[in-house]
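Whatever order the structure lists ligands and atoms in, that order sets their numbers, starting from 1.
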Amino acid sequence: MKRSMFLGSILLVCLAGLATQAFADLTSLRGAAPVAGDEPPPPELQRVINDKENIDRTFKEQPPLVPHDNEKYTISLTDNKCLECHMKQPGKDEAKSVEMGESHFMDRDGNKLDHPSSRRYFCNQCHVPQIDAPPLVGNDFKSVAAK
Ligand code: HEC
Ligand code: HEC
């Protein structure tokens, strides 16, 4: 047992030596060019569809896409900005905009809750904003609502 460990460690040292040899001359395909630091995305990637009409759903049961910018709407342990508009506030008759569906107020056993379900707390897990970009290749796809 001891002997095999000894032989094993000799083999490891040799392999390590070989590896250093093999990689000694390796240069990056990038050459000497340094990696640039983090840069903000180019403007063409920032054209988020904002306050246009609601976007037709592609298929039934699809979480609707967010037709507005949502960059500044924080969702944290104590604060969920989305709820300020998408849920009726205490003392008010209506939500400021289209209210979340009933499914958002149900627990996993289908019981009705008087508050949004924790399963629906992280809105942007399902609802995502869109970039205003025309399709690269023309197509005649029609979403469910447009049929
Ligand atoms: C200041 C109010 C406000 C806040 C905050 C807000 N929204 Fe909205 N949202 C709207 C309005 C108004 C509409 C209706 C369409 C429009 O005018 O943009 C809308 C539409 C939507 C829709 C489309 C609904 C449909 O049936 O097509 C979704 C989904 C949505 N918002 C999700 C979100 C999410 C997720 C957040 C948080 C990241 C959020 N909203 C925060 C005002 C708000
Ligand atoms: C697990 C995925 C999921 C999460 C998380 C989620 N939603 Fe939804 N949402 C859906 C689906 C699916 C629909 C469409 C069917 C329905 O109304 O249940 C929907 C519908 C909506 C609608 C449109 C309702 C209508 O009648 O047109 C709004 C507004 C909305 N969600 C807002 C929110 C907000 C705000 C949050 C966060 C507090 C949130 N959702 C979290 C999946 C989700």
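A donor-acceptor pair shorter than 3.5 Å cannot be found between the side chains of S117 and H104.
Within the 4.5 Å cutoff, the side chain of S143 has no heavy atoms near those of the R57 side chain. No side-chain heavy atom of N54 sits less than 4.5 Å from a side-chain heavy atom of P64. Using a 4.5 Å heavy-atom threshold, the side chains of I131 and I49 count as separate. Using a 4.5 Å heavy-atom threshold, the side chains of F105 and M100 count as touching. Contact of the E94 side chain with the K88 side chain is not registered, since no non-hydrogen atoms from C-beta on lie closer than 4.5 Å. S103 places a side-chain heavy atom less than 4.5 Å from the side chain of R120. Side-chain contact between E99 and M87 is present, with heavy atoms from C-beta onward closer than 4.5 Å.
Less than 4.0 angstrom separates some heavy atom of Q62 from each of these atoms of ligand 2: 14 (C). For ligand 2 and N80, the ligand atoms under 4.0 Å from any heavy atom of the residue are 38 (C). The atoms of ligand 2 that sit less than 4.0 Å from any heavy atom of L83 are 38 (C). Per-residue contacts place F122 under 4.0 angstrom from the following atoms of ligand 2 (heavy atoms of the residue considered): 5 (C). Near K81, meaning under 4.0 Å from one of its heavy atoms, ligand 1 places the atoms 5 (C).
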Q: Please test V128 against L65 for side chain to side chain contact (heavy atoms under 4.5 Å, CB included), starting from the C-alpha separation and ending with a verdict.
A: CA-CA 5 Å; V128 288; L65 296 163; 3.8 Å; yes

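Residue contact annotation: R57 has a non-hydrogen atom under 4.0 Å from ligand 2. At least one heavy atom of R119 sits closer than 4.0 Å to an atom of ligand 2.
Enclosure of atom CG in D140 is not indicated, since only 12 or fewer non-hydrogen atoms of other residues, nucleotides or ligands lie within 6.0 angstrom.
Ranking the protein heavy atoms by distance from atom 16 (C) of ligand 1 puts K52 O, 3.8 Å first. Protein heavy atom nearest atom 24 (C) of ligand 2, with residue, atom name and distance: E99 O, 3.4 Å. Residue, atom and distance of the protein heavy atom nearest to atom 18 (O) of ligand 1 are D51 OD1, 3.2 Å. The closest protein non-hydrogen atom to atom 12 (C) of ligand 2 is E61 O, 3.4 Å.
Between C123 and N80, the shortest heavy-atom contact is SG-ND2, 3.8 Å. Scanning both residues, Y121 and L77, for their nearest heavy atoms gives OH-O, 3.8 Å.
Contact annotation for E84 and ligand 1: no heavy atom of the residue comes within less than 4.0 Å of the ligand. Contact annotation for L65 and ligand 1: only backbone heavy atoms (N, CA, C, O) come within less than 4.0 Å of the ligand.
With hydrogens and angles ignored, the 3.5 Å screen pairs a side-chain donor or acceptor of S28 with a backbone N or O of R30. A donor-acceptor pair is defined here as one N or O able to donate and one able to accept, closer than 3.5 Å; such a pair exists between the side chain of Q62 and the backbone of T58.
Excluding waters, the set of protein N/O/S atoms under 2.8 Å from atom 8 (Fe) of ligand 2 reads H104 NE2, H127 NE2. Inspection of the environment of atom 8 (Fe) of ligand 1 yields the following protein N, O or S atoms under 2.8 Å: H68 NE2, H86 NE2.
Remark: K96 pairs with no residue by the side-chain hydrogen bond (donor to acceptor under 3.5 Å, both in side chains) rule, at least two apart or across chains. Evaluation of the ring pair (Phe, Tyr, Trp, His ring centres under 6.0 Å) rule for H127 yields no partner, not counting sequence neighbours.
The nearest non-hydrogen atom to atom 25 (C) of ligand 1, considering only N54, D69, I49, I75, comes from N54.
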